[in-house]
**Student:** 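This is the structure I want to talk about, given as structure tokens.
Letters A, B, ... mirror the listed sequences (proteins, then strands); counts begin at 1. As the structure is a computational prediction, the values presented were derived from the model and not from experiment.
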Amino acid sequence: MTQAGQAARAQALGLDAHAFDPEPFDLNAAQELPQEEPIWKRRLAVYTSNKVALVATVLLLAVVLFGFVGPLFVDASYDQVFRGEEKLAPCAAHVFGTDEMGRDLLVRCMYGVRISMSVGLITAVAVLVVGCLYGSIAGWCGGKVDLVLMRIVEIIDSLPAQLVVLIMAISLKAPIDSLFEGMPDGFFKQAGSGMFCILVAFALLYWTGLARIVRGSIFQLKNEGYAMAAQSMGAKGPLIVWSHLLPNSSPLIIVEMTQLVRDAIFSEAFLSFIGMGVSVPMASLGTLINSARDNMMLYPYEMIEPAVLIFLITWSLFVIGDALEDALDPRML
Amino acid sequence: MSALLHGDLGTSIVSSGYSVNQIIADKFPVSAQVGLIAIVFSCLVGIPLGILAAYKRGTAADRVVTTLSSLFSSLPGFLLAVVLLYAFGMWLHALPTSGLKSWQSYILPVAALSAGPASVLTRITRAALLDVLSQDFTRFLKAKGMGTRYILFKHALRNAAIPIVTTLGPLTAGILVGNLVVETVFSIPGLGSYMVRCVSQRDYPVIMGTTIFYTTFIVAILLVVDIVYGLIDPRIKLDE
């Protein structure tokens with residue numbers, strides 16, 4: 001319809017002659033759109049709107065401070081024996097009470113938390129490196145490389161992790177013991193070779209979940225426009241993966257990590273409970289619970305204290321993982 | 001190594017004269033019995049609760065179920081076992097604390113074993129059902145005038161079966177491993193408590209042998225789960 005025709009039609013309908021004119025496009029108005037909030041702010045808002053997750057975050061921080069900063073404010077050490085003060089119920093001198101050998105349970109619980117959290121964090125770092133590298137290679141290369149790498153992951157995945165850790169911890173014990181002979185006294189030596197075996201075994205087994213996730217994410221992202229644009233400008237694969245694809249997969253990676261830290265802490269407690277973990281006199285939450293089992297009727301607090309601590313750690317990690325999943329989910333924004 | 005390939009797992013160092021194969025044959029049936037009851041029990045509790053939570057999504061019932069499942073899945077199995085033992089066995093004197101003499105003595109071990117798996121099943125069932133219920137075909141059924149309950153049981157549940165069955169494999173593995181602790185806590189004469197005793201006595205041939213046995217068993221179960229896929233979902237074919 002011509003312009004004149006349009007005007008005639010508008011007149012016939014009793015409208016203003018310019019009713020059918022296209023809206024004038026104002027470039028300045030387009031620029032005055034409200035500035036978008038940064039993405040992390042919106043994510044933080046989703047996260048903080050979850051009250052349970054906030055409580056869990058505070059609790060986890062409190063437990064971490066208890067384990068890592070707490071020992072600095074207490075005079076006793078984890079293996080110090082108070083003669084004549086055995087089996088005390090919680091009191092002013094020993095807030096958590098003492099065990100049957102007269103050791104202060106407050107300090108032992110602090111070290112127990114320290115061991116549990118360290119196992120979780122060290123495993124997480126090892127798994128982060130191995131899983132991201134392995135998953136990136138499989139995802140970026142694709143094809144036959146991916147086929148072979150993923151079959152290896154499937155083989156490892158089909159084995160029950162806790163049992164394989166048991167076997168590995170036993171078979172790694174001799175070489176690690178001889179390695180420890182010449183080492184200076186440090187945290188690892190205090191915790192014992194059993195603990196180190198567990199860490200090595202975790203690092204060797206627990207990366208498969210993360211590798212799968214990274215591989216899947218990279219597989220999907222490498223066909224996105226920005227990845228192709230980077231490639232067309234001559235960027236090499238490793239650079240694109242490192243500076244574009246991995247940052248964009250980070251929500252998935254973070255959620256997987258909270259899950260993993262929790263699994264590692266669970267498994268360490270389980271292995272310590274059956275007697276594979278730290279060596280005496282060092283304390284871990286699992287060994288504390290196990291040794292309290294004998295006198296459970298008479299001294300229930302010996303059991304309750306480490307039990308509550310381990311529950312706080314695992315529960316808050318679970319809730320935080322769930323909340324992060326919501327907060328980092330792109331569909332939520 | 002060649003003996004291993006011929007099915008011989010060696011002899012125990014501590015209890016001399018006993019071969020590992022014999023020990024497994026003696027002790028495993030007890031563990032398998034407890035484990036099997038625990039698996040059935042966790043399915044009977046977990047799946048219906050998941051269905052309930054999905055059906056009543058957003059209501060108080062849903063919140064209670066999801067909160068409980070998050071609490072129980074963050075309790076390590078050994079902790080729950082010890083707490084149950086203390087509460088029901090020693091404090092209330094309601095249930096026997098050790099051995100497997102009567103049917104009552106199964107209650108605590110089975111409860112301790114199946115709480116974790118049941119809460120995992122609840123979460124998976126709920127998530128899978130909600131996923132199916134948000135798909136187009138269920139909306140179409142609703143538009144046709146079908147009741148929510150009919151859609152849930154006739155259509156949604158079958159489509160949600162794959163993720164539920166997938167978790168059953170790792171779940172069985174979890175129950176077998178959990179058995180080590182639960183049998184020790186409740187002094188059940190099964191393979192699990194025997195293995196833990198061997199760990200403290202450093203009886204390496206038995207630990208190795210039983211671990212290899214358990215691992216093979218779990219891998220076999222995962223294979224069975226994979227085959228069951230084909231039976232549930234005709235879209236999945238093995239020869240593709």
**Student:** Go through B:L223, B:V83, B:L85, B:L180 and name the one with the most non-hydrogen pairs under 4.5 angstrom from chain A.
**Tutor:** B:L180
**Student:** Please identify, among B:V196, B:T215, B:T184, the residue contributing the most non-hydrogen atom pairs under 4.5 Å to chain A.
**Tutor:** B:T215
**Student:** How many angstroms lie between CG in B:L79 and CD1 in A:I310, if you round to the nearest 0.5 Å?
**Tutor:** 7.0 Å
**Student:** Is it the side chain or the backbone of A:F318 that comes within 4.5 Å of chain B heavy atoms, both, or neither?
**Tutor:** side chain
**Student:** Distance from A:F311 atom CZ to B:L80 atom CG, nearest 0.5 Å?
**Tutor:** 10.5 Å
**Student:** May I ask you to name which of A:P306, A:S316, A:A307 has the most heavy-atom pairs under 4.5 Å with chain B?
**Tutor:** A:A307
**Student:** Tell me which of these, B:L222, B:V219, B:V82, has more heavy-atom pairs under 4.5 Å with chain A than the rest.
**Tutor:** B:V82
**Student:** By a 4.5 Å heavy-atom criterion (distance strictly below it), what part of B:V185 contacts chain A: side chain, backbone, both, or neither?
**Tutor:** both
